[in-house]
Number of protein chains: 2
Amino acid sequence: MARSSVTPETKKPSARDRLLAASDELFYNEGIHTVGIDRVIEKAGVAKGSLYCIFGGKDQLIETYLFNRHQAWMEVVQRGMDAADDPRAKILAVFDELGTLFAAPDFRGCAFVNATAEALPGSPEDLAAGKFRGWIHELFFSLAVAAGAVSPRVLADQLVVLYDGANTTAQMDKTAAPAVVAKGMVRMVLDSSSYVS
Amino acid sequence: MARSSVTPETKKPSARDRLLAASDELFYNEGIHTVGIDRVIEKAGVAKGSLYCIFGGKDQLIETYLFNRHQAWMEVVQRGMDAADDPRAKILAVFDELGTLFAAPDFRGCAFVNATAEALPGSPEDLAAGKFRGWIHELFFSLAVAAGAVSPRVLADQLVVLYDGANTTAQMDKTAAPAVVAKGMVRMVLDSSSYVS
DNA sequence: ACGGCTTTGGACAGATCTGTTCGATATCAC
DNA sequence: GTGATATCGAACAGATCTGTCCAAAGCCGT
């Protein structure tokens, strides 16, 4: 998944990349606190010493894991929005991307919501989640502005709730349907909010 | 909070109840895997032997913790709905209760969503979350039917997404506002869905 | 007051966790 | 090849975790 450094596509990935791939899968699937370092290095096929040489500790590994998740998801969303022309279509495209995300067999909810569930305030997980939330809010606010909504703040808040709702419902009920349900409500709030253009 | 057995209100609570009060606070605030048994028994002021005599192990303590959370929340919602007369008002009442929940200083999201974040499939947490989800869906579906919606299934699905969205957004952004935002969208979907009566 | 039950405190076992250390080995640039 | 660097393997330390055990002390109904 999320490659951190620019590694040539040839040969076997570096220890760092194998570590990141393994921690991504394990942390996401089973939870950050649930998974020990030993599980990660075993899956990555990397010596424990290398992990502490490369990352310095579990905390930094977690940080990088969340950073890469953030980065990868931003890129997916960006690509989805690029394929749409007008702001309204871009907003809907975000929820389309959510739909394909939910349909992935290993979907287990938003990594940041899950990390927050087992994070103490001020922990690396909490800080990463804060950055992610900032991005989400900026994304929907700028889209709401671009869409020419009379109250972009209101529209953005609604979109955030629908985004989070789709995510959580899909995770808890193990179905991709909430993406469609949320998209319907997105159309509703878009229609209810008056446009300038 | 959630008292499990019928204990007289006099004197100091039983070891079992102190254990449940402590685990409720610790598990909810810091996560289930994050908190060890020692923390729980220390906060409860109970010997470790008592815990294993009363509950048999951490798993059963977790089960009871989640069971009581489910029970307590059901009662709050029920009381809120009882104070409303028509189905539409009952639906809105659920989101009002969410609002006061979010405003509580120790709100940290839905206990079942958080538990699922660190739970493996088939674990006690996962099973408890499944029961909770069943209740949520039944609740909104029966309310949708009672409200005379043309497609109660559709309305119920929308309400579930709005419920989950309000919860998650409030948790992640540490604000009670999503209850109001969601309530606005609830009115929207209620108005869009045609009524028989 | 007595007997049954709960609870206590603390020691103990075994597993697992993070993190450290270090000599041996693989890899790669030159 | 040679040297620098990355990585390995494995043992080790110290903390923490769940769970067990048991004799002593407290509590409660009768």
Side-chain angles (χ1 to χ4, degrees), chain A residues 3-23 25-27 29-66 115 118-120 122-125, chain B residues 3-23 25-27 29-66 115 118-120 122-125:
Chain A
R3 200 67 25 108
S4 70
S5 53
V6 203
T7 310
E9 311 300 319
T10 65
K11 283 287 185 114
K12 164 186 182 183
S14 69
R16 178 188 164 90
D17 286 347
R18 274 177 293 151
L19 239 18
L20 285 174
S23 59
E25 187 174 329
L26 290 174
F27 286 163
N29 282 326
E30 306 183 27
I32 293 173
H33 280 98
T34 310
V35 172
I37 285 295
D38 291 330
R39 297 271 316 279
V40 175
I41 64 169
E42 186 211 336
K43 187 174 195 77
V46 164
K48 188 184 279 194
S50 305
L51 188 156
Y52 283 92
C53 173
I54 296 171
F55 286 102
K58 194 187 185 183
D59 275 0
Q60 274 185 258
L61 184 62
I62 295 170
E63 260 180 72
T64 314
Y65 152 66
L66 289 173
E118 40 180 342
L120 260 40
S123 62
E125 299 95 311
Chain B
R3 201 64 29 104
S4 71
S5 53
V6 202
T7 309
E9 309 300 318
T10 66
K11 283 288 183 118
K12 163 185 183 184
S14 69
R16 178 189 164 90
D17 285 348
R18 272 178 293 152
L19 239 17
L20 285 176
S23 59
E25 188 174 328
L26 290 174
F27 286 162
N29 283 326
E30 305 184 28
I32 292 172
H33 279 98
T34 310
V35 172
I37 285 296
D38 291 331
R39 298 269 318 279
V40 175
I41 64 171
E42 186 212 336
K43 187 175 194 75
V46 163
K48 188 185 277 194
S50 305
L51 189 157
Y52 283 92
C53 173
I54 296 171
F55 286 102
K58 194 187 185 184
D59 276 0
Q60 274 184 257
L61 184 62
I62 295 170
E63 260 180 73
T64 314
Y65 151 66
L66 289 174
E118 41 180 342
L120 260 41
S123 61
E125 298 94 314

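So you know, we letter chains A, B, ... as the sequences are listed, proteins then strands, and number each from 1.
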Whole Å only: how far is the [atom1] atom of [X] from the [atom2] atom of [N]?
| X | N | atom1 | atom2 | value |
| --- | --- | --- | --- | --- |
| A:Asp38 | C:dT20 | CG | C1' | 13 Å |
| A:Ile37 | D:dT16 | CD1 | P | 17 Å |
| A:Arg16 | D:dT7 | CZ | P | 10 Å |
| A:Glu30 | C:dT16 | CD | P | 14 Å |
| A:Ile32 | C:dC17 | CD1 | P | 15 Å |
| A:Leu19 | C:dT18 | CG | P | 13 Å |
| B:Gln60 | D:dT18 | CD | P | 15 Å |
| B:Ile41 | D:dC17 | CD1 | P | 11 Å |

Any donor-acceptor N/O pair under 3.5 Å between D:dG19 base and B:Lys58 side chain: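 In this structure, the two groups form no donor-acceptor pair.
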To the side chain of [X], which of [options] is closest?
| X | options | answer |
| --- | --- | --- |
| B:Ile54 | D:dC8, D:dT18, C:dT7 | C:dT7 |
| A:Ala47 | C:dC17, D:dC8, C:dT8 | D:dC8 |
| B:Lys48 | D:dT20, C:dT8, C:dT20 | D:dT20 |
| A:Ser50 | D:dT7, D:dT18, C:dC17 | D:dT7 |
| A:Tyr52 | C:dT8, D:dT7, C:dT20 | C:dT20 |

Nearest 0.5 Å, please: how far is [atom2] in [Y] from [atom1] in [X]?
| X | Y | atom1 | atom2 | value |
| --- | --- | --- | --- | --- |
| A:Leu51 | A:Gln60 | CG | CD | 10.0 Å |
| A:Thr34 | B:Leu120 | OG1 | CG | 7.0 Å |
| A:Glu25 | A:Glu30 | CD | CD | 8.5 Å |

Backbone of A:Ile54 reached by a side-chain donor or acceptor of A:Arg16 within 3.5 Å: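 Here the side-chain-to-backbone pair does not exist.
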Under 3.5 Å: donor-acceptor pair, side chain of A:Glu118, backbone of A:Ile32: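 Indeed, once roles are kept as given, a pair shorter than 3.5 Å links the two residues.
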Phosphate-side-chain proximity, A:Arg18 and D:dC8, N/O vs OP1/OP2 below 4.0 Å: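 A:Arg18 to D:dC8 OP1/OP2: side-chain N or O found under 4.0 Å.
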B:Arg39 vs D:dT18: side-chain N/O to OP1/OP2 distance below 4.0 Å: no
Sugar-phosphate, base or nothing in reach of B:Gly36, heavy atoms under 4.0 Å: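 Here B:Gly36 touches the backbone only, sparing every base.
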First of A:His33 and A:Gly49 reached from the 5' end of DNA chain C, by closest nucleotide: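 The residue whose closest nucleotide sits nearer the 5' end is A:His33.
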